[in-house]
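The structure under discussion appears below in the form of structure tokens.
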Amino acid sequence: MTRRGSWRIGTRLFVAQVIVLLAISISAGLVASAIGPRLFHEHLIEAGEKETSPQFSHIEAAFESANIISLSIGLVIALAAALMITWYLARRFSTPLTDLTDTATRLSSGDLSARATAAGGVPEFALLATSLNDMAERLENTEATRRRLLSNLAHEMRTPVATLNAYLEGVSDGVLTWDDDTRHVLERQAERLTRLARDLDDVSRAEEGRVSLDLSVHSLQTLIESSVSQFGPQFESKSVQLSVQVSAGLVRVDPQRFAQILANLLNNALRHTPRGGIVSITADRSADDISVAVSDNGEGMTSEELGQAFERFYRGSTARAEDKNGSGIGLTISRALAEAHGGTLTATSGGRGCGATFTLSLPSPHTTSSLRGSESLGTRHPHRTHGSTR
Ligand SMILES: Nc1ncnc2c1ncn2[C@@H]1O[C@H](COP(=O)(O)OP(=O)(O)OP(=O)(O)O)[C@@H](O)[C@H]1O
Ligand SMILES: [Mg+2]
């Protein structure tokens, strides 16, 4: 047997119950043998039996043996029944508890795939197992996101750092000459690293709710047209048509942040739409919100890509292959900015080759009183955003 301190709960319950039953049996035996015969003796005398008569001692002996036999049989039956019930209860508690303990131990030692089976049929244990499994699931997802984030970050840094190193070595070894081309390459890689650092700062600010919004009411049409006019030449040079249909009126936003969201959506659409394709911006309003949708008929996204597109540093395989400048956090920042405005940013796609639609929904100016901290127009407010594991 294991040391007493390491006995399992089932064994402890069982042993404790055995001790209680033995104590009950012993005290019942002692009480019965100390009080019963004396009372019987007095009753016999009161009934007129002579203490000296041979029947007297015979009757007393018969009473004692009947007493012992009936008490023993009763105690043995009670003991057996109690032990069986204790054994059953101990097993019923011990199996799920052991399973829960094992699962918690595996989780705490880093095995995040451990799950409790919630067997045993005790509702409280089943609830505990479900909560433990939910927590394990969340931990596993967070760990997977953290790993992916670190590996993506390493991937994003590797190329510019390797290029910088190669060029600097080439120049110092005399293999490369220090001319405008070399300087241009080095500047581009340094810019890329600077942009990565700025994006990282932006994304952590957005996710920690440290975004400053300079809110004011604007015409949605003017905001969209000013973004569109900046993108016109890029769309023209790639021969992608850009159509705009705006029917909504006013919107209360930080114009720079709004332009940042739209610029990322237009950039993405242009990047993922082949020559001859169409990108359209449509804006509509309902009673409570204003929605701006940027749709393209380009590459589209699989459901797996849709699920990950808003995660930090996520870039689809085609994005990695085609464009070396993106960091994969444009959508993360855009969604955080949309949420800071009290709105949402969502994506849909019919699948690979079927185009994609990104929809920015913002509360109407008359409902933006629900927007956290926006008491007046044109003032700067820090806003918290929801969640951090997108
Ligand atoms: N319109 C689109 N069509 C198809 N895929 C898209 C589209 N928009 C985004 N994606 C996918 O979502 C990924 C994430 O987009 P996101 O804007 O966050 O990063 P990025 O554009 O790659 O880089 P960054 O915006 O930081 O320059 C893209 O790499 C691409 O795979
Ligand atoms: Mg982008």
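Atoms within a ligand are numbered from 1 in the order they appear, just like the ligands themselves.
By the 3.5 Å distance cut-off applied to N or O atoms, F358 is not counted among the residues near ligand 1. For the pair L331 and ligand 1, the shortest N or O to N or O distance falls below 3.5 Å. Considering backbone and side-chain N/O of G330, one or more are found under 3.5 Å from N/O of ligand 1. For ligand 1, the polar-atom distance check finds no N/O of T332 at less than 3.5 Å from any of the ligand's N/O atoms.
Using a 4.0 Å cut-off to heavy atoms of N264, the atoms of ligand 1 that qualify are 17 (O), 25 (O). Each of the atoms 4 (C) of ligand 1 lies under 4.0 Å from some heavy atom of G300.
In this structure, E299 does not count as a contact residue of ligand 1, since none of its heavy atoms falls inside 4.0 Å of the ligand. Ligand 1 has G328 within reach: a non-hydrogen atom of the residue lies less than 4.0 Å from it. For F310, the closest heavy-atom approach to ligand 1 does not fall below 4.0 Å.
Among the atoms of N267, no N, O or S atom falls under 2.8 Å of the Mg ion (ligand 2). Among the atoms of N268, an N, O or S atom falls under 2.8 Å from the Mg ion (ligand 2).
R352 is listed as a side-chain neighbour of E305, based on a closest heavy-atom distance under 4.5 Å. When side chains are defined from C-beta on, L331 counts as touching N264, because their heavy atoms get closer than 4.5 Å.
When Q308, R195, R271, E311 are checked for heavy-atom proximity to atom 20 (P) of ligand 1, R271 turns out nearest.
For H41 and F56, the gap between ring centers is short of 6.0 Å.
Atoms CG and CZ, from L200 and R312 in turn, are 10.0 Å apart once rounded to the nearest 0.5 Å.
Residues D289 and S286 bring a donor and an acceptor atom of their side chains to less than 3.5 Å of each other. D179 and T182 are linked by a side-chain donor-acceptor pair at a separation below 3.5 angstrom, with hydrogens and angles left out of the test. Remark: the T117 side chain and the D99 side chain contain an N/O donor-acceptor pair separated by less than 3.5 Å.
Other residues, nucleotides and ligands contribute at most 12 non-hydrogen atoms within 6.0 Å of the CE atom of M157.
Looking at R315 against ligand 1, both its backbone and its side chain come within 4.0 Å, counting heavy atoms. With a 4.0 Å cut-off on non-hydrogen atoms, T273 does not touch ligand 1 at all.
Between F40 and F63, the ring planes lie parallel to each other; the angle is under 30°, not in the 30° to 60° tilted range.
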